[in-house]
Structure formats: C-alpha cells, structure tokens
Amino acid sequence: MARRFAVMTAVLLASACRRAPSTEEARQLLRAAEPALDSTSVVVRVWADGPPWFSCAEVIAKLTASADSQVVRNQMGNWRPLVLADWVTLRDTARGRVVDPGWCAATLRDEPARLRAGWTPVRGDSQPSGMHRRGWDVRAGRQRVVVHAKPVRVGKDSARVDYVVAVAPNVNGVALQADRDSTRHRALLRREDGRWRVLQTKW
C-alpha cells in the first residue's frame, strides 16, 4: 500500500510539473510582470472641431469609409457613439477665412456635467482660421487583463497564453463604447525552479 501511494504521489507530482498554469494563474503572472496592464487609467481624446473644410455630412459619410481614415475615422471615430448616446450634437461652423461650409464641430449637450465627470478641455494644432483646435481628454475607465482560454504547453517547461487587454469602462467609457477597444496579445511562460514566470510578450 505504501509503495502504491508513493507511486501515485510521484505520478501526481510529475503531472503537476508538466501541466500548464491555469487561466487564473496566467492572469496573475501577467499582472505581476506588467502591473500597469491591469490598472492604467484609459484616457480618450475627443475633438470638438473636425478636420478643416469637412462638413458634418462629409465626416459622417467618411466614418464608415476607407478614404481619409487618418484625418476622419482615426480622429472622429468616437463621435458616432456620442451622438447615439445623445451626449453631443454636430453642426457645421465657419470661422475666419473658412466660410463655405466651414467644418463640422461637436457640442456637448451638458458640458458642466461632463467636465465634472472627467472631461478635461485641451487645445490642439492651429486651424486654417488661426484658432487652435478644441477638444477634451476624457477619463473612460481602466485597463484590465482577460485570459479566456487555458494556457497551452509548447515544450517541456514552456507554455503559451493568449490574452486580451480590455477596458473596464466608467460612465464616460460606456458612452464612448471604450469597452470595444480591446487588443489581443500573446505571452510565453517558462517554468524555472518550479515556478512559472512571463518570459516574453507579443503586442
């Protein structure tokens, strides 16, 4: 009986040494290796002034098109969820030399409440009119690490884990749909001296 118990214990220990870490173990390892991954505040830039000479009709049309993505979709992409949430209104404006039709601008429906909730006014590069582009930096929530699947062994002492860096949104983040801005990553884990550690991450 003692010998059988010893054999079973040895088998269990060997199995434990060979297995990959659990999803929770992997998450804790990732958090320990890069604490900022699971605690960094997420700040989203929201511009009040759209690109010069782009009317609201043009901006709205280009938000779902591939053309001008650098100056429209990449910079104005958060206007759509804010309009759907009824937090902003869009209008064409004209200032200085820009008169027809000016450019599209976003106006907060309840600016005092938004400022209290973490919207900080910012100024960007100057516009053709000579005025500086207006906008806000918005606290939208915090990053969090999500490990959906159990790590997979890729060698005697190595394992691979796929994980997601997502956003746990606050009320601003919900309006901005910031929780959709998740990114997928992969890390290589290595067992050394009986303990797993993060060896490498790929972004």
Side-chain angles (χ1 to χ4, degrees), residues 30-31 34-146 148 163-185 203:
L30 292 166
R31 291 181 64 185
E34 297 185 66
L37 283 179
D38 216 29
S39 62
T40 299
S41 294
V42 176
V43 177
V44 177
R45 173 67 56 86
V46 176
W47 287 114
D49 297 311
W53 300 297
F54 279 68
S55 68
C56 288
E58 290 175 303
V59 169
I60 291 170
K62 292 175 183 296
L63 284 176
T64 56
S66 58
D68 300 302
S69 62
Q70 189 67 30
V71 295
V72 178
R73 284 192 304 152
N74 293 352
Q75 297 181 30
M76 308 286 98
N78 48 33
W79 278 10
R80 184 177 184 276
L82 289 172
V83 169
L84 292 175
D86 203 27
W87 280 30
V88 302
T89 56
L90 304 181
R91 61 182 175 83
D92 289 328
T93 185
R95 295 175 182 171
R97 297 190 302 274
V98 183
V99 295
D100 186 19
W103 56 74
C104 190
T107 302
L108 287 173
R109 286 190 177 276
D110 191 350
E111 187 166 12
R114 299 287 80 82
L115 296 178
R116 290 194 300 270
W119 288 57
T120 303
V122 295
R123 292 289 185 271
D125 295 335
S126 60
Q127 298 274 44
S129 64
M131 299 182 67
H132 286 276
R133 192 179 190 189
R134 302 164 305 132
W136 304 270
D137 279 342
V138 184
R139 294 200 303 271
R142 288 188 176 276
Q143 285 184 346
R144 62 189 181 98
V145 174
V146 181
H148 291 297
Y163 62 100
V164 173
V165 177
V167 178
N170 56 20
V171 64
N172 296 323
V174 171
L176 286 162
Q177 296 181 354
D179 55 328
R180 296 186 178 184
D181 295 332
S182 60
T183 55
R184 297 184 178 276
H185 308 278
W203 294 74

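If you're wondering where the values come from, they're calculated on a predicted model, not measured in any experiment. Numbers here are sequence positions counted from 1.
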Contacts of Ala113 that satisfy side-chain contact (heavy atoms from CB on, under 4.5 Å) - sequence neighbours left out: Asp110, Arg116
Derivation of the side-chain contact (heavy atoms from CB on, under 4.5 Å) call for His185 and Val164: CA-CA 6 Å; His185 308 278; Val164 173; over 6 Å; no
Counterpart residues, salt bridge (Lys or Arg N to Asp or Glu O under 4.0 Å), relative to Arg109 (two or more places apart): Asp86
Pairwise distance CZ(Arg114) to CD(Glu111) - rounded to 0.5 angstrom: 10.5 Å
Spacing of CG belonging to Leu108 relative to CG belonging to Leu115, to within rounding of 0.5 Å: 7.5 Å
For the student: nearest non-hydrogen atoms of Ala105 and Arg134, plus distance: CB-NH2, 4.3 Å
Residues in side-chain contact (heavy atoms from CB on, under 4.5 Å) contact with Val83, at least two apart in sequence or another chain: Val88, Leu90
Pairs satisfying salt bridge (Lys or Arg N to Asp or Glu O under 4.0 Å), at least one member in residues 71-84, at least two apart: none
Point-to-point distance, once rounded to the nearest 0.5 Å, from CD of Glu34 to OG of Ser39: 11.0 Å
Minimal non-hydrogen separation, Val174 against Pro169, with atom names: N-CB, 3.8 Å
Minimum heavy-atom distance between Ala140 and Val44, given as atom pair plus value: CB-CG2, 3.8 Å
Straight-line distance of Cys56 SG to Arg91 CZ, nearest 0.5 Å: 8.5 Å
Nearest heavy-atom neighbours spanning Asp49 and Met76: O-CE, 4.2 Å
Nearest atoms (heavy-atom pairs only) where Arg142 meets Val42: C-CG2, 3.9 Å
Set of residues satisfying side-chain contact (heavy atoms from CB on, under 4.5 Å) with respect to Val122, sequence neighbours excluded: Arg45, Asp137
Rounded distance (nearest 0.5 Å) linking atom OG1 of Thr183 with atom OH of Tyr163: 8.0 Å
Cationic tip of Arg133 above Trp47 ring, under 6.0 Å, 45° of axis: yes
Heavy-atom closest pair, residues Val59 and Val72: O-CG1, 3.8 Å
Trp103 side, atom CH2; Thr93 side, atom OG1 - distance, nearest 0.5 Å: 7.0 Å
Any residue meeting side-chain contact (heavy atoms from CB on, under 4.5 Å) with Asp38, in chain and number order, not counting sequence neighbours: Arg27, Arg31, Arg144, Val145
Working for side-chain hydrogen bond (donor to acceptor under 3.5 Å, both in side chains), residues Asn172 and Trp119: CA-CA 9 Å; Asn172 296 323; Trp119 288 57; 3.0 Å; yes
